[in-house]
Structure formats: C-alpha cells, structure tokens
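What follows is a structure written as structure tokens; I'll ask about it next.
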Amino acid sequence: MRPEILFPLFAPVTALPGVGPRFGKLLERLTGPAVIDLLWHLPDGIIDRSFTPTIKAAPNGAVATIKLTVDAHLKPRHPRQPYRVRCRDETGFLHLVYFHVKGDWLDKLLPVGETRWVSGRMEHFNNEIQITHPDHVLAPDEFARMKPNEPVYGLTSGLPLRTVQKSVDAALARLPALPEWQEPSLLRQRQWMPWAAALAAAHAPGNAAELLPEAPARQRLAYDELLANQLAIALVRAHTKRLPGRSIKGAGTLRQKVLDNLPFSLTASQRQALAEIAGDMASPARMLRLLQGDVGSGKTVVALLAMLDAVEAGAQAALMAPTEILARQHFATLGKLAHASGVEIALLTGREKGRTRDALLQRLADGGIGIAVGTHALFQDDVIFGDLALAVIDEQHRFGVEQRIALSGKGSGVDILVMTATPIPRSLMLTSYGDLDASRLTEKPAGRQKVTTRTLPLDRLDEVIDAARRALEQGARIYWICPLVEESELVDLAAADERAAQLRAIFGERVGLVHGRLKGAEKDRVMAGFATGAIDLLVATTVVEVGVDVPEATVMVVEHAERFGLAQLHQLRGRIGRGDKPSACLLLYAQPLGETAKARLKILRESDDGFRIAEEDLRLRGAGEVLGTRQSGMPELRLADLAAHADLLAVARDDARLALSRDPALESPRGQALRTLLYLFQRDQAVKYLRSG
Ligand code: ADP
Ligand code: MG
C-alpha cells in the first residue's frame, strides 16, 4: 500500500488551491490526474522578466517590466472597442489594452494616480506604445513576488499559462519531506541536490541551459526515475526466477535428423544461440530469453530445433505468431523443416472451428501433438496442453505482457523464448526488461544478396511502373506496399484497392491484392499464388510486414515511405533479398519531405544494419514510439530521456542491483526510502514482489 507520506502527491489536482473542476479537467488532460503528474510536467521555456527599462527605452516586441503611474481609464464606448488604461513614466506614456472587459476589476487593479509594475510584450503601433493584456500588474509592495525568470509550460487549449504556473507553485509548496533514497556519495559526486530542491529548481530555470536534460536538477530527477525503473525490473525478474522451472534436455536425435536434412548448415551465431537456449532449458530455473535477429537471419530454424528438444524430453512446445498469415507461414515452414523428425505439428488459429478444432484440442491435451503453431487462439481457456514445456513467441512487441503470462500459465514452469526482428536498442531493452538474457543472430545466412535501396518522389510513378514492367518481363516477383493512409484500415484499403485496379489494367491478372480485411481463405489463396508465382505483383497493405517468406521476390515498392517508421521500413525491406538474386527496394515519397523524413530515408539508403537503424529510430522518434510503449505494457519514462541520460541508466542498473544484494527486502533505512521511491513512480506491483512485502 502506498505510504501515507505520499498521499498529498497522489491527491487529485483539484485538491490544489485555485484549481476547480474546470481547470482540474484541463490539467488532467495535460499531465494526468494527480498532483505528482503536474509536478513531473517540467517547463520547456523561460520568459525573462528582469528587463526593467523606461517606456522610451523598451524596444518593440520585447518583454519588459516597467514601473508606471496610472493616468486615466479610457472606457470603451461600444462593446467591440477595447478598454484602454493610460499610464506614464518620466520618459513618456503608453496604453494598457484589454478586450472584453466585464465589471470594474480594472478600476481596482489599476487605480488612477497609483504606481504599478506592469510586465508584458511591448507593441509599437501607429506611433503609440501599448501592452495588450499584460501578464502581470503588481503594486510596488508585491513586486518582490514576480519571478525574474518565469517558467513556460506546454499547454492545452483553454488552459492559461498562469494557471499552470500557479498550480505548480501550490504543489511545490506542499511537497512532503521524503526520505533521501539516493546514496549520499553519489549525490556528492554528481553535485545533485535533494529531491524536493531538484524538483523546485527544475520548475524555476534561471537560464536556457537549465532547461536541458543535462542540467543537474533534471539529471537528478531522471536518475530517480531510472533507479525506480531498474529496481522494479530487478524485483520482478527475481520473482519470476524464484518460480519453479524444470529441466528439459533432449538427447539431440530429433535435432540431428532435421539438421541432416537441411539444405544449408547453421551459421555460427545460430549454433551459439541454440547452445544458449539449450543451456537455459536444461537448467531447473525458468528460461526467459530473447532471440534477436534481423529479418532473414534465420530465427525460425533455431526455434524449431529448441522445440524439438522439448518434444524429445517428452513434453510439448508452442509457437505463437502475431498474425494469421504469419502463423500459417510458420506452420508451413516448420512442417517442411521438421518433416524428417516425424514430430506432429498442428496449426491453431481463430479459423479452426467446430470438429476440426475439437479434434485438435483433443490431440493437444493427450500430447499427440508435439508442436502447436498458432495465433492468440492458443491462449483461449479451453486450449489445454498435455505438457507444455516451451513457448516461443514471435515478434513479441505485438503481444502484451498479460498474453505472455497467459501462455506460460498453460504449463508448469514453461520456458519462454521471445523472437524479435525489431532490434531493440540496448537502452530500451534495459528499461523494459532489465538484463534479459538475449541471444543475437549477428550474421546473415550465407549466399544472401544485397538489396539496393532507392528513393523517388511519388510523382515519378510512371517510371516506377516502367521499371516494374521490365522486372516482371525478367521473371521478378514484386511486393507493392500501399500507403498507410491513416489508422483506419478501411481508408488504407481504398488506396490499395485503387492501386491494384490501376496495375491490373496494365499488367492483367498476375496482379494480386492482400489486406487485413480479406477472409482467411482468400488471403491464403493470394499469398499462395504469390509464393508459387501465379501472382507476380502483390499489392498489399502492411499485412505482409511481418515474417512472410517468398525467396523469389526481388522487388519491393513502398508508397508514401515517409509515413512509415524506420524500423517498419527495414522490416518491409527484409521481405526481399532472401533468395539468390539481387534485389531492389524503391521507396516512394510525397513532396515536400520534412527534415526528419529526409533523415530517415537517407539512413535506409545507407544502411542495412538493423541495429543501427533501430538506434537511429530511437534517436529520431523517442523511445515510446519505437516499441509502442503502452501496448506492450512497458513503462513509460516521463523524466528520463534515453538518448540524453544513457549513462545514468547504466549507473542506475548497477545501483539497483547493489542495493538489492545488500538489502533484498529493502528494510534498512535506505531500503525503506527506496520503497518510497518505487511508490512515487507507481511501481506498486514491484513492491509486492519484495520477499517480506
Ligand atoms: P527470420 O525469421 O529471422 O526473419 P527465417 O527464419 O524466416 O528468418 O529465415 C529466412 C530464410 O533463411 C529461410 O528461408 C530459412 O530457411 C533460411 N535460412 C535460415 N538459416 C539459414 C542458414 N544458416 N543458411 C542459409 N539459409 C538459412
Ligand atoms: Mg521469421
């Protein structure tokens, strides 16, 4: 349970003085429901109020703070006229201009004959000097209250800057005195201030440098967040490792049968990965391992050989794919590869129904099926395995954490192998899994051909069609990926439909169309047609993005490439260059191209290295988007910036480990403070995993 000392921080924003239901709703939309959410909303700019010139010396357009005497109120004669207040100093006079004034509040704010400090933007207008809606009007004895540097915050419509500033001030004024969770030596070494001081400083930047992620106050806060993150991950991982696992060892006979029948030999990194996986499976602890490999690096064979070990040990294995197409493809591939082993492989997706499904479920339950391949249909409650020992999950980032857990719940101590072609940059991997055991396929299988990548503006579509004609004449097979128009599948479909019709008018019946809305059987028919060559130009929405393997395809056209993410384009491109012929990828873009889009396309032209592309993607887009943070249940970082604070991440990881090894139940004074830190960053779940907690 959340400690009481944190209650004020987790109170709703409306608990703050001056925040009623209306602003409360807007603040909630902007930052989140609680006071702490508002406090994490750091300023992104500064207004300098320290410039205090005379009227005459204040340049047009500058923000100035001027000491004025109020001369006269010039009230509007009709409603559309502004209300003007004439003020002067020893160098001249100016007008304060207000629109839509109701009531007499201006008389009270600016009494005639009195002195006021007024701050706002100077406007020189038809030989007159004015300030429209000044930001501040203060009596001389209130002047000290004005901050020389005023923080500027990201806003949402209807929410004035003043309201955010005041709410933040109110929140800062009621910060509880939290125990220090950081090591004093680290604070000294980095010259970081205590948490509350750092938070206050981050909200009161004195200059532009203090807005940067490298500013000490921001570093301290980012480090707090990273430490909470690493601590939480370490706790969850320790917890899973404590759950009973089992030792699975195969004699290697099934494996050998398959290896003897492969038309190729394994690469060194495939052998290495396999040895690592076999080691984990043989150990009595549960395996949770990531198999990372760029598209086409040969993950499937590795997974199959691992699954055969499970079958040989008398248990079962399952492979789960994110889409139906991919599940079918895996089923077909595995069936061919595993044929020599004699192991029964079955397919279970949403499409298997009625008697077929019942029969399948029966064979799964009695252990007749050695390897089950499927989609999330494998999670359904009535799917019962006789003895599931290994679950392989392909393209993990499309599955939520809960689904992973659901599958591992289908057996006792199920080992989990996650295959991903999206190379996860190391920093992201650390914040989302901690030091997850990972095997990497670093080499491409021998004999792979290079893919040349070109970028072209969309208005040269005619040339692209000509090139497609030449390629088709030489027997090429072509993927033609249609634009991601918007999130709606229907709209995407319209664009794909139209392009397919146009290409069919030119190339005839050899043009096929596949998209997410096609019925399963129809989808299979089109994909099979493309695999056999009956169809040699396949127009597709992004359904082909993951995993499809047609080695004869050598050309990939992507329309509106600027709308796709880098990693996504890299994945798409991975569909070609799989056979023994050179391949070409044409990325078509709409003009004008923004700077980021330009940078992205350039990286793709230059590099074929999935890891480099992923790092660049992270840099260009930010961490959240790379893996679809929310969807995969990964923590969102609010203060830390994985690019700017990468060094802190490594320190936090070591710090978290050390703290837990010294005090596994977090009971010492620092341990107690670290618990508070975990609650502060809402890692309540992780606290539950503490041995005594
Ligand atoms: P990934 O799933 O990593 O994208 P796949 O497992 O689909 O890659 O493999 C891509 C292709 O490469 C498949 O046709 C597969 O049979 C082939 N392949 C796998 N390993 C090797 C290897 N060591 N040598 C040659 N070809 C291989
Ligand atoms: Mg694959």
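We count ligands from 1, going down the list as the structure has it; atoms in each ligand are counted the same way. Sequence positions, counted from 1, serve as the residue numbers for this chain.
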task = Would you check whether Ser265 reaches within less than 4.0 Å of ligand 1, judged by its heavy atoms?
result = yes

ask   = Is the closest basic N to carboxylate O distance between Arg357 and Asp382 below 4.0 Å?
value = yes

task = Look at ligand 1 and say whether Asp294 reaches it with a heavy atom at a distance under 4.0 Å.
result = yes

ask   = Do Lys523 and Glu324 meet the salt-bridge criterion of a basic N to acidic O distance under 4.0 Å?
value = no

inquiry  = Taking salt bridge (charged side-chain N to carboxylate O under 4.0 Å, His left out) as the cut-off, I'd like each qualifying pair that reaches into residues 261-276, sequence neighbours left out, listed once.
reply    = Glu276-Arg289

inquiry  = Out of all atoms in ligand 1, which are within 4.0 Å of some heavy atom of Thr267? Include the element for each.
reply    = 23 (N)

request  = Below 4.0 angstrom from a heavy atom of Arg578, which ligand 1 atoms are there? Numbered from 1 as shown, please.
outcome  = 4 (O), 7 (O), 10 (C)

task = Within a distance under 4.0 Å of any heavy atom of Thr300, pick out the atoms of ligand 1 and give their elements.
result = 2 (O), 5 (P), 6 (O), 7 (O)

ask   = So is there a nitrogen or oxygen of Gly293 less than 3.5 Å from a nitrogen or oxygen in ligand 1?
value = no

query = Taking 4.0 angstrom as the limit, do Arg477 and Glu552 come out as a salt bridge?
reply = yes

query = Any salt bridge between Glu473 and Arg470, counting N to O under 4.0 Å?
reply = no

Cationic N near anionic O, under 4.0 Å, Asp260 to Lys257 = no

request  = Would you mind running through ligand 1 and noting each atom that sits below 4.0 Å from a heavy atom of Gly298?
outcome  = 1 (P), 3 (O), 5 (P), 6 (O), 8 (O), 9 (O), 19 (C)

